[in-house]
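In what follows, every heavy atom counts, from backbone to side chain, and hydrogens, waters and symmetry copies are set aside. First listed ligand is number 1; within each ligand, the first listed atom is number 1.
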Amino acid sequence: MDMQSSIQEKIRELHALLPQGVELVAVSKFHPAEAVREAYEAGQRIFGESRAQELLAKITELPDDIRWHFIGHLQTNKVKSIIGKTAMIESVDTEKLLDVIDKESVKAGVVSNVLMQLHVAREETKFGFSVDELLSYFRERRFENLKATHICGVMGMASNVEDETRIREDFSTIAGTFRTIKEEIAPDLRGFETISMGMSGDWPLAVKEGSNLVRVGTAIFGQREY
Ligand SMILES: *Cc1c(COP(=O)(O)O)cnc(C)c1O
């Protein structure tokens, strides 16, 4: 089987495996536009990118009905370039970034959908709010200051370890934090519905723990060449 039809096969396989209500972000970062097009032909419409420049290049080349999710660390000076062009910025990792997104969204006359990134993994290198920081943010109702940004949920990654127990604990912490916000702290927050967790190696565990948005790259497109 050639490379291209195998991408389509992987997309169909994943769509068949994912329970109803769980959406797939096909993470196409570092893969060419042709690879995205192959996945698109198999019916995939949500794609994930982690760098602003690469995202913008792909947007110009690919169909308009693709919903682009930004999933990488976003520098505040890059925000302006992607505002109005993504369906979701999944990787809001500081309040400062959130404020810049909001300000630029107001200027552009659009509403931006975002997820708050939680850091629960063991690795220091990962970005995001700690559980306590995120709970305080909602408890103090700081989201009420936002004018053109809609917080749709949370995103997180599990520790990069073999130990399944540890991975499940991380996912359970992310999902538990989401539920605490939704059910106890801010039950009036509208459209707070998304738990984005699970990647190629761990998405079945993430779905078991409550994920409704998985971000899968390598298992669809193969290894990335950085
Ligand atoms: C790259 C990336 C993924 C996809 O990882 P794979 O292991 O290739 O499936 C998912 N989420 C984020 C935030 C990423 O940066």
Against heavy atoms of [X], which atoms of ligand 1 measure under 4.0 Å?
{"X": "T218", "value": "6 (P), 7 (O), 8 (O), 9 (O)"}
{"X": "V216", "value": "9 (O)"}
{"X": "M157", "value": "13 (C)"}
{"X": "R215", "value": "4 (C), 9 (O), 10 (C), 11 (N), 12 (C), 13 (C)"}

Using a strict threshold of under 4.0 Å (side-chain N to carboxylate O), is an ion pair present between [Y] and [X]?
{"X": "R142", "Y": "D99", "result": "no"}
{"X": "K58", "Y": "E54", "result": "yes"}
{"X": "E104", "Y": "K107", "result": "yes"}

Ligand 1 to G217 polar contact by distance, N or O atoms, under 3.5 Å: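 Looking only at distances, the answer is yes, because the N/O contact criterion of under 3.5 Å is met.
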Identity and separation of the nearest protein heavy atom to [atom]:
{"atom": "atom 14 (C) of ligand 1", "answer": "K29 NZ, 3.0 Å"}
{"atom": "atom 9 (O) of ligand 1", "answer": "S200 OG, 2.5 Å"}
{"atom": "atom 10 (C) of ligand 1", "answer": "M199 SD, 3.3 Å"}
{"atom": "atom 13 (C) of ligand 1", "answer": "I71 O, 3.5 Å"}

Pairwise distance CD(E95) to CD1(I101) - rounded to 0.5 angstrom: 12.0 Å
Residue-ligand contact R224/ligand 1, heavy atom below 4.0 Å: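 Right, R224 reaches ligand 1.
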Aromatic contact, F138 with F192 (centres under 6.0 Å): yes
Option passing side-chain contact (heavy atoms from CB on, under 4.5 Å) with L115 (candidates V92, V154, T194): T194
Face-on cation placement of R67 at F47 ring, 6.0 Å and 45° thresholds: no
